[in-house]
Structures are given as C-alpha cells and as structure tokens.
Amino acid sequence: MLRTPEAVRDAERWTAHNYHPLPVVIASAEGSWLTDVDGRRYLDCLAGYSALNFGHRHPKLIEAAHAQLDRLTLTSRAFIHDQFADFCRELAELCGKDLVLPMNTGAEAVETGIKVARKWGYQVKGVAPGQANIVVAEGNFHGRTTTIVSFSTDEDARADFGPYTPGFTVVPYGDLAALTAAIDENTVAVLIEPIQGEQGVVVPPAGYLPGVRRVCTERNVLFVADEIQSGLGRTGDTFACDHEGVTPDMYLLGKALGGGIVPVSAVAANADVLGVLKPGQHGSTFGGNPLACAVATEVVRLLATGEFQRRSAELGARLHAGLTALVGKGLVAVRGRGLWAGLDIDPALMSGREACERLMERGVLAKDTHGSTIRLAPPLVITEEEIDHAVAQLAAVLAG
Ligand SMILES: Cc1ncc(COP(=O)(O)O)c(C=O)c1O
C-alpha cells in the first residue's frame, strides 16, 4: 500500500481536479473513526456530508448488504425484485406519504422532484404549456446537474456551464415576503432546503417553514423539501421540517438513505403528486436495485426506532454548548441543529481550510465551506467523550 505522500501525489496525477481534498488517505473505518494508510486514526466529523449518519460499517447495514450480495444485486426495473416493495412501503410510512420513487444520487432525486412538479403543474394545476416555474432560494445547494446548477447562486458551481435551464426564480432564503411575491399562476413548486447545509448550516428564522407551507397551500403550489442532507436523523428529528411541525408535499431524500454503503435516493409524496408519472416517463437502471433496497430498508428500520434522532438531539445539545463556548475565542458564530453545526472562524485568525488542516493534524476530520466556515456533521453514533474530544481539539486549533 502506498504511504500518504505518494498516494496523495498519485490521486492528484490521475483525476480531474474537481475537488480539493484534505491530504489524508483513508484505508479503513469503523463507527466514528477512520484509519489512514499510515495507521493514524481520525475522528470523522463530516460523516460523508451526512451520508454516514449511522457511522462507518454499522453492523446491521453491513449484514444486510452481505446477505443481499450473496443472493441478488441487480434486476433493473424491467422486473420486480423481492426487496422492492418492503423498501418503498417502509420508507413511505416513515415519511407519512403514499408513494416512493427510488433513484441513486441526491441530484437525481432533485431532478425527479423538478420533473414531477412540472408535470403536476401542467396536468393537475393547469399551467399553460412550457410556462411552469419553480421558486428556489439564494445560497441553495441541490446538486451538480446542468439544470440544478442553472439556479445555483454560487458562481463556482454555475459559471461556464450554460446555456442554463429556464423556469426558476431565485429569492432570498428565509424571506417569506419575497417568496410569496415570487409566486404567480405559473408557479408549480417551491424547492428549498429546510436548513441550508452547503451554505454553512444556515437555519431559517422560526416560522419561515410553516409560512412556506401556508403560502404553498393557499396558492396551490407544491412544497418540495430537499432533506437530502438535513433529513434522516441529522437534526435530532427524522426530518428538519419536523422541528416546525411542517409536512412538505414532496420529500427529496438521499445520502444517509444508502447507509454509507450504496448511493440511494428517493422522492416521497402522495399519489396525487407522484401519480402523474406513467411508464416510460422517468427512471434509472440502478434506481431501487436489490442491494440498494436491502440496505436502505435497514436504514429505515434503524430510523423507525427513534434512537438516532434522540442521539442527535441529546448529543447535538452537548456539541452546540461546547462550540458556543468558543464564540469570542476564535469563533465568530455557531449555527445548526442536532449533530450538525456551521462554525464561522474569525477570518483574522485563519481560513476554514487552514482550520481543517490543523484539525486533521490533531486527528479530527471536518470540511470547510465558503472561506471561513467549517461544517461539523459527525456520525450519529458518536459518543459524549468523542464530542468533547473534537471540541477540545478545535479549541486548541483556535488558541494557536
Ligand atoms: C441539500 C442537498 N441536495 C442535494 C445534494 C446532491 O446530492 P448528490 O451529491 O448525492 O448528488 C446535496 C449534496 O451535498 C445536498 O446537500
């Protein structure tokens, strides 16, 4: 096995530079801990951007994957397989919705949500052909396809990828009046993240999500919640929308749904919405494959116990208390909910990248975003001691 410097060098040599990873080369992992090719251990405080909510190699998920690998891995949706119905039913029940449409990546779930909302707009709402519009928020992150980056407000994500897909109106995040004003007779959906992860774990003002729900209902517009990063236990509830008692018309799910093993995403909605799709109108060869369904069903069962949501709420309180104590001592602000935090580092001290590099040297892995912000999203299996350890390492980095 190559040691770290050679492995970093080779990775840079043989791949497009569409990422700027920390110079750490992981070889194995368990629970909240990673081990690199040189045998150094790191506490994972990113958890694959929430794709690893249940930690690395959760025994129940690994067992489900192994059992399925030994029986059946892929059929395509041309046939039905024996894992499919259970997965769709159990996820639909978790979401409180009639139907589920499984895909693979988060971006595909978002694309699916956009297509379904447009078709619903034409066929159910009666929007004039070609006029459907979707209201989205500034600072959004919904993925990397050409349509999705068309309404990104991050120039890195958007510039030079045009021509752009029309049919989106961007309004400031958290501003209900602006959102309401942007809705007209052609609006088919409001598509927002209930907490903006990539933007730096930005929580909207209290009352915003219920306001969006109310306006969408009044104006016959679908409320599409991108819970790909915020959902499935991350915030201390099953969905981030739950904190405000809000039920969207469509949930977009991904990341943790695949248990950190396989890419699994899904759209969940009622039959009057998802029912607009007919055979041949949408799909994916790998969407809802047997391996994905076997793992994701186990993910849904883990969530159905409520244990992970509880852990996230309780341990999240500890994490936020520890981080809040560092405001004024190198941190400018702390935001978030549950085991999810966005920290603004005092830019006079160091950049977010620099802070992450120094944390890495101290055995804690996290990821910066937008200059001076760090995101912390540890696996929900993290312990109190491990949280205290991560906060202590951050304090030491900030103290220089
Ligand atoms: C809120 C949100 N939506 C969509 C996506 C896209 O998911 P994927 O990278 O699996 O395509 C992400 C990924 O970070 C996300 O955070």
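One-based numbering, in listed order, for ligands and for the atoms of each. One-based numbering along the sequence shown.
The immediate protein surroundings of ligand 1, defined as residues with any heavy atom under 4.0 Å of it, consist of T105, G106, A107, F141, H142, G143, E193, D226, I228, Q229, K255.
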Exercise for review: Go through R358 and E354 one step at a time and tell me if the salt bridge (Lys or Arg N to Asp or Glu O under 4.0 Å) criterion holds.
Suggested key: CA-CA 6 Å; R358 293 195 199 176; E354 237 180 300; 3.1 Å; yes
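Using a cutoff of 4.0 Å between basic side-chain nitrogens and carboxylate oxygens, D36 and R3 are not scored as salt-bridged. Using a 4.0 Å cut-off between charged side-chain N and carboxylate O, E111 and K115 make no salt bridge.
At least one test fails for R375 against the ring of Y49: distance under 6.0 Å to the centre or angle within 45° of the axis.
Remark: of the listed residues T305, V299, V300, V299 is the sole one forming a side chain to side chain contact (heavy atoms under 4.5 Å, CB included) with L303.
In this structure, H389 and W33 have tilted ring planes: the angle between them lies in the 30° to 60° band.
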